[in-house]
Amino acid sequence: ANLGADELAGAGAELESAFKQEKLEGVEELITALARKLGEVMEGIQVFEEALATPEEVAGSTEGEVMDIEMVREKMGQLAEMLEHGMVDSMEQIEKLDRQFAHHEVRPRWERLKQQVDQFDMDSALAELREISNLLQWDNNLKIVK
């Protein structure tokens, strides 16, 4: 609320109130609403960050950019562990990898993975990450538990 994310704060307050009053019927809808509002705020922050990007950073995200394979392997392995343990902070890891997939053929799958994490569907996101890893032919090199 201090950052002006009033709708997100309201959704969080509704969920908190339901838990405090032990009214768990319909809590799934409240969680979904909170996730949706959080996604909106995160998108806004990303737009803001992109607007503040230096010209070098923008120039580095062109279609001809070469993927940093070692970094991507490492971060995807860490992301797999986070997803397997249902860690919400996996979104930070996704943000670190996002630019690497900006113009890659697996981008649609990557976007689906991001959406699944936004919806707190970590099992589906982990399965999607495995598929991306298979498409990149890195499955044996990543420490993704099957």
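Side chains are part of it too, since the values below use all heavy atoms of this structure and drop only hydrogens, waters and symmetry mates.
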For this session: Mark yes when over 12 heavy atoms from residues, nucleotides or ligands other than Q78 sit less than 6.0 Å from its CD; otherwise mark no.
Result: yes
For this session: Rounded to the nearest 0.5 Å, what's the gap from CD on Q100 to CD1 on I69? Could you check?
Result: 9.5 Å
Exercise. Knowing that exactly one of M91, K96, E92 qualifies, which makes a side-chain contact (heavy atoms from CB on, under 4.5 Å) with I94?
Worked result: M91
Problem set entry | Shortest non-hydrogen separation from A125 to V117 and the atoms involved | CB-CG2, 3.6 Å
Exercise. Mind checking what makes salt bridge (charged side-chain N to carboxylate O under 4.0 Å, His left out) contact with E25, not counting sequence neighbours?
Worked result: none
Seminar exercise, completed: Here the pair of heavy atoms bringing A80 nearest to L126 is O-CD1, 3.8 Å
Problem set entry | Closest non-hydrogen atom pair, V72 against L97 | CA-CD2, 3.7 Å
Exercise. Between L38 and L8, which heavy-atom pair has the shortest distance, and what is it?
Worked result: N-CD1, 3.6 Å
For this session: Give, for atom OG of S90 and atom CG of L79, the distance between the pair rounded to the nearest 0.5 Å.
Result: 6.0 Å
Problem set entry | Heavy-atom check, side chain of M76 versus side chain of I132, under 4.5 Å | yes
Problem set entry | N/O donor-acceptor pair under 3.5 Å between Q93 side chain and K75 backbone | yes
Problem set entry | salt bridge (charged side-chain N to carboxylate O under 4.0 Å, His left out) against E14, all qualifying residues, sequence neighbours excluded | none
Exercise. Are the charged groups of K20 and E16 less than 4.0 angstrom apart, N to O?
Worked result: yes
For this session: Measure the spacing between CD of E131 and CG of L136 and express it to the nearest 0.5 Å.
Result: 11.0 Å
Problem set entry | Inter-residue atom distance D98.CG - W110.CH2, 0.5 Å rounding | 7.0 Å
Exercise. Regarding Q21 and S17, is there a side-chain donor-to-acceptor distance under 3.5 Å anywhere?
Worked result: yes
Exercise. What residues form a salt bridge (charged side-chain N to carboxylate O under 4.0 Å, His left out) with E111, not counting sequence neighbours?
Worked result: R107, K114
Seminar exercise, completed: Of all heavy-atom pairs linking L30 and A18, the shortest is CD1-CB, 3.7 Å
For this session: Would you give the length of the straight line joining atom CE of M82 to atom CG of L129, rounded to the nearest 0.5 angstrom?
Result: 12.0 Å
Exercise. Does the pair R109 and L135 meet the rule for a side chain to side chain contact (heavy atoms under 4.5 Å, CB included), with working shown?
Worked result: CA-CA 10 Å; R109 287 188 168 275; L135 289 170; 3.4 Å; yes
Exercise. Got a second to check how far D123's CG is from E84's CD, nearest 0.5 Å?
Worked result: 9.0 Å
Exercise. Nearest heavy-atom pair of A11 and K37: which atoms, and what distance?
Worked result: CB-CG, 4.3 Å
